[in-house]
Amino acid sequence: MKAVVLVGGEGTRLRPLTFRTPKPLLTIANQPFLERQLSWMGRHGVTEVVLSLGYLPDAFVAHFPDGEFEGIRLRYAVEPEPLGTAGAVRFAADLAGVDERFFVCNGDVLTTLDLGALAAFHDEREAMATIHLVRVADPSAFGVVPTFDDGEVKAFVEKPPPGQAPTDWINAGTYVLEPSVLDRIPADINSSIERETFPRMLDQRGQLYAMQSDGYWLDIGTPDKYLAAHADVISGALGLPPVAGAVEEEPGIWLEPGAVVDPSTRLVPPVLVGRDAAIGPGAWVSGTSIGAGCTVGYGARVARSVLHDGAVVGRAADVADCVLGRDVEVPEAAVLRDALRVCEPA
Ligand code: GTP
């Protein structure tokens, strides 16, 4: 089956991390997020993916120079201007000559959803489009989707005020679409699949369905969620090791080849230490993902944070709830809280 993956957004909520790296190519536990998503799709039988590109498209082509990943054929649909989530799907599907039902995935959703089950649900109901739903504690920031017992969508309620949502099942950003849906999306015009295409399909009964599932699901698009995704992946929430080649030294403590942790350093799970990183002596690291070649100095404390490759935490520095971009250096004895840091362009 083919899939269109929407990866054209600017990822404004993750700035400055996304100024030079598009959100889908940011790493989660030392693997680019999009690679994780492609592996997930491949496990569920997807053989061809059209990447719907807009922002920093060259970064994707450079990342997958062979137009292939783990046996999945990759194609690139670069929008001349942002077409929104619906316009982008139409543009990408037209380019790929989609002529049978296909998946559409937001490029910032980390999930264990069984895509085959979503397609089977869609087929059983002879739906025109089927949406994956997940349950969240606070649906007020999401598109809420109440359904009838058989899964047919009743309504779309976008970002309901707290306490007023008709249900806590929300649109999780993965869909199965029949090619006929494409005829309902104007070509070359910015439009939203969530706010325009799907609500308009409710004009006629029996077209739009939604499947609830209770597997793991997270939208990685905000700093808090981006950090949470690391902790979840390292803790095994996806049912997989956090990254190929890592070894679990003790429960929740993973080391990649060449990582050196001084025996006097305390690691509190979940922790991933990347290739050739050096930690300690006397450091204290908790709930943190450390990239390749990073250094955490003598007596430093690092909590609930993410260090991209080459980042350095100086001696006795104290870092919590931070993302340190590639090669960022935290000076000796500095205290850093709730920060997203990147190096200035050279
Ligand atoms: P924010 O700017 O932080 O809201 O992030 P975003 O740009 O990723 O937007 P959002 O999270 O709402 O987008 C959901 C998914 O759709 C992401 O995977 C985006 O990459 C993608 N997306 C959003 N707008 C467009 C668009 O105009 N074109 C394409 N191709 N993809 C888009």
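Small disclaimer: the values here were computed from a predicted structure and weren't measured. Both backbone and side-chain heavy atoms feed into the values below; hydrogens, waters and symmetry mates do not. Read the numbers this way: they start at 1 and go in the same order the structure lists the ligands and their atoms.
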Give every donor-acceptor pair under 3.5 Å between a side-chain atom in residues 225-247 and any protein atom, sequence neighbours left out.
from   : atom 1 : to     : atom 2 : distance (Å)
Tyr226 : OH     : Thr27  : O      : 2.5
Tyr226 : OH     : His308 : NE2    : 2.8
His230 : ND1    : Tyr226 : O      : 2.8
His230 : NE2    : Thr27  : O      : 3.4
His230 : NE2    : Ala29  : N      : 3.3
Asp232 : OD2    : Tyr216 : OH     : 2.6
Ser235 : OG     : Ala231 : O      : 2.6

**Request:** For the residue pair Asp224 and Thr222, confirm or rule out a side-chain donor-acceptor distance under 3.5 Å.
**Result:** no

**Fill in**
Of Asp108, Leu34, Val78, Leu83, the residue with the heavy atom nearest atom 13 (O) of ligand 1 is Asp108

**Subset of ligand 1 atoms that lie under 4.0 Å from at least one heavy atom of Ala88** = 28 (N), 29 (C), 30 (N)

**Prompt:** Which side chain to side chain donor-acceptor pair (under 3.5 Å) pairs, counting each pair once, include a residue from residues 289-306, with sequence neighbours left out?
**Reply:** Arg304-Asp321

**Request:** Quick one: look up the protein heavy atom nearest atom 2 (O) of ligand 1 and list residue, atom name and how far away it is.
**Result:** Thr12 OG1, 2.6 Å

**Asn106 side chain to Asp108 backbone, donor-acceptor under 3.5 Å** = no

**Fill in**
Output for pair (Asp183 CG, Met128 CE), nearest 0.5 Å, gives 8.5 Å

**Prompt:** Just distances here: any N/O of Gly54 and N/O of ligand 1 closer than 3.5 Å?
**Reply:** no

**atom 8 (O) of ligand 1: nearest protein contact (heavy atom, Å)** = Lys23 NZ, 2.8 Å

**Asked** Which is closest to atom 21 (C) of ligand 1 in terms of heavy atoms, Leu51, Val5, Leu6?
**Response** Leu6

**Message:** Does the protein place a non-hydrogen atom closer than 4.0 angstrom to atom 30 (N) of ligand 1?
**Reply:** yes

**Item:** Distance filter under 4.0 Å to Pro82 heavy atoms, resulting ligand 1 atoms
**Value:** 27 (O)

**Message:** Is there a polar contact, in the sense of an N or O pair closer than 3.5 Å, between Gly107 and ligand 1?
**Reply:** yes

**Item:** Side chain, backbone, both or neither: the part of Asp219 lying under 4.0 Å from ligand 1 by heavy atom
**Value:** neither

**Taking atom 12 (O) of ligand 1 as the reference point, the nearest protein heavy atom with its distance** = Arg13 NH2, 4.5 Å

**Message:** Checking the N or O distance criterion of under 3.5 Å, is ligand 1 in contact with Asn190?
**Reply:** no

**Asked** Does ligand 1 have any atom sitting under 4.0 Å from a heavy atom of Gly84?
**Response** yes

**Prompt:** So is Gly9 polar-close to ligand 1, meaning N/O to N/O under 3.5 Å?
**Reply:** yes

**Complete:** Tightest non-hydrogen contact, residues Val46 and Ile72, listed as O-CG1, 3.7 Å

**Request:** Measure up the Phe198 and Phe156 rings against each other and bin them: parallel (under 30°), tilted (30 to 60°), perpendicular (over 60°).
**Result:** parallel

**Test side chain to side chain contact (heavy atoms under 4.5 Å, CB included) applied to Ile290 and Ile279, step by step** = CA-CA 9 Å; Ile290 295 175; Ile279 316 296; 3.7 Å; yes

**Prompt:** What do you reckon, are the aromatic ring centroids of Tyr76 and Phe64 less than 6.0 Å apart?
**Reply:** no

**Request:** Compute whether any side-chain donor of one residue and acceptor of the other, for Glu70 and Ser39, lie under 3.5 angstrom apart.
**Result:** yes

**Request:** Taking only heavy atoms of Ser52 into account, list the atoms of ligand 1 that are under 4.0 Å away from them.
**Result:** 29 (C), 30 (N)

